[in-house]
Amino acid sequence: MKRTKIKELLNAEAALDPVLVKGWVRTKRDAKSFSFIELNDGSCLANLQIVAAGELANYDEIRHLTTGAALSVQGRMIASQGAGQKWELQAQNLVLIGSSPDTYPLQKKRHTDEFLRTIAHIRPRTNKYGSAFRIRALLAHAVHQFFNDRGFFYIHTPILTASDCEGAGEMFRVTTLSPQIDNIEEDFFGVEANLTVSGQLEAEMMALALGDVYTFGPTFRAENSNTRRHAAEFWMVEPEMAFCDLKEDMAVAEDLVRHLVRTVMDQCPDDLNLFARFVDKQLMPRLEKLVGTCFERLPYTEAVKILETAAQDFEYPISYGADLQAEHERFLTETYFNGPVIVYDYPETLKPFYMRLNDDARTVAAMDVLVPGIGEIIGGSQREERHDILASRMDRMALSREKYWWYLESRRYGSVPHSGFGMGFERMVMLLTGIVNIRDVIPFPRTPKHIDF
RNA sequence: UCCCCAGUAGCUCAGUCGGCAGAGCAGGUGGCUGUUAACCACCGUGUCCGUGGUUCGAGUCCGCGCUGGGGAGCCA
């Protein structure tokens, strides 16, 4: 007999007989001569209530079932006689698949996130983390759906690379040499190789052939960042669009955010509700605001003016030419506008070489999407498509023309205006769940000094 | 990398002024005619993070170290 997932059973319109379910015991309550077992199989947040009567042949074994044990239960699903759930399963045959000794670390009570991080192999079995990872999966699917619906092609860019996309951020070195050998020519690639910090440069090449493309893959930063918003390994979504200017780029970014929020609200109401109730009381109002209002847009120059005249003391002073600090971004999106904001046209000196120089020759066509609670969730730009301007900008930033010869060459043959952006996938999961630590939205997070599991 | 905070039972925590190491949950046993983080009774549990010091006496005060967390920087 084929097993039925609990999600399907709980959504059933009518009683079913017989059914087979398999899952893990979340909790058990005993009456005098029978027991209630809450069984969860991960298909949804809710448990299925199993009623195990004292007449069952192995009832003595059932009586000793512990939290975490794996079961196979066959029986009939009927309308529940108790309040609190629509359906329950009256067990006719209950088999213990895997027992769970009393050292099982999860209990039917709240644990701290810090403790659960030390048992990352077990924590997906909790309500909160189960919901977070189901939402994460749906979100990944929604990313593909969004781009596929708009005629974008999903492309794969290299994980191993010899190029440093932005000249910013420490990279993880990849080598097959033993530590004593320092002759790079003997290394696997014969040159210094690293894990990618962005697929953008390669994605541009693909956009200049396929039109609209996107990448969605892992990214690696060796920065010694110890914050709740940074991980050494994270996932990034990077669309790249030919014949697209900054304005259209911003429109796609806004549409993407809105699509992702709406999809999760529509398709994960139960999981989302857990976060709205127990993690962040302001979650639903914030999400509704994200789908319901247009993102505020303002040039960097105006953002600086607002910050300069703000009735608020900042730790870091702000003036034209200074980068926006976390406190400045937070003020704009959380206090001044109280909603999503896109800041664009940043001073040329603040941004990487590939961003397109504006006509004022002082700013580049860059944009950052800022959201309450997270800060920067998307960063993008129109790319410099004019060969000579790009080349001279690379010279000024001391980047080797030889090393990026292929990137420059794309500007020689049929170069066109094109734009793109990068969206931190984990930050989107944080935005959607109210989870404040990136280590809690990645099943097995990697941060400095942490690579267990 | 810098600044700040914390570390007590398997877990979550309390521990007053420096004076006998505590509770709830989890686990065990028994009870309960349908429970909802079930409930009731009883039972066990400690390198008080480590180390050095002050003191008649340190979980408590001081130094150093380790681990965890928060903030900043960097960024997504």
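Predicted model only: the values in this text are computed from it and were never measured. Quick note on labels: first sequence line is chain A, next is B, and so on, each numbered from 1.
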(request) Using Watson-Crick or G-U wobble geometry with both distances below 3.5 Å, tell me the partner of rU54(B), or none. (result) none
(request) Ignoring the backbone of Thr27(A), work out which of rA37(B), rA72(B), rC25(B) is nearest its side chain. (result) rA37(B)
(message) By nearest atom, which of the nucleotides rG70(B), rA72(B), rC11(B) is closest to the His111(A) side chain?
(response) rC11(B)
(request) On the 0 to 90° scale, with breaks at 30° and 60°, tag the His121(A)-Phe453(A) ring pair as parallel, tilted or perpendicular. (result) parallel
(request) Check whether any side-chain N or O of Thr112(A) sits under 4.0 Å from OP1 or OP2 of rU12(B), and answer yes or no. (result) yes
(request) Using the C1' atom on both, measure rC61(B) against rG18(B) and round to a whole Å. (result) 8 Å
(request) Return no unless some side-chain N or O of Arg29(A) is found under 4.0 Å from OP1 or OP2 of rA38(B). (result) yes
(message) With rounding to the closest Å, how many angstrom separate the P atoms on rC13(B) and rC49(B)?
(response) 15 Å
(request) Take the protein atom NZ of Lys28(A) and the nucleotide atom C1' of rA26(B), then report the distance between them rounded to whole Å. (result) 13 Å
(message) Would you measure the distance from the C1' atom in rU45(B) across to the matching atom in rG27(B) and give it in whole Å?
(response) 10 Å
(message) With a 4.0 Å cut-off on N to O distance, would you call Asp440(A) and Arg117(A) a salt bridge?
(response) yes
(request) Take atom CG of Asp30(A) and atom C1' of rC40(B), then tell me their distance rounded to the nearest Å. (result) 14 Å
(request) Tell which nucleotide pairs with rG27(B), taking only Watson-Crick or G-U wobble pairs whose two distances are both under 3.5 angstrom. (result) rC43(B)
(request) Tell whether Gln49(A) reaches the base of rU35(B) with its side chain through a donor-acceptor pair below 3.5 angstrom. (result) yes
(message) Give me each pair satisfying ring-ring contact (aromatic ring centres under 6.0 Å, His included) with a member in residues 419-440 of chain A, each pair once, sequence neighbours excluded.
(response) Phe216(A)-Phe425(A)
(message) Please report the distance, rounded to the nearest Å, between CD in Glu327(A) and C1' in rG70(B).
(response) 17 Å
(message) For Lys128(A), is there an ion pair with Asp113(A) - N to carboxylate O distance below 4.0 angstrom?
(response) yes
(request) Could you measure between the two P atoms, the one in rU55(B) and the one in rC62(B), and give it in whole Å? (result) 16 Å
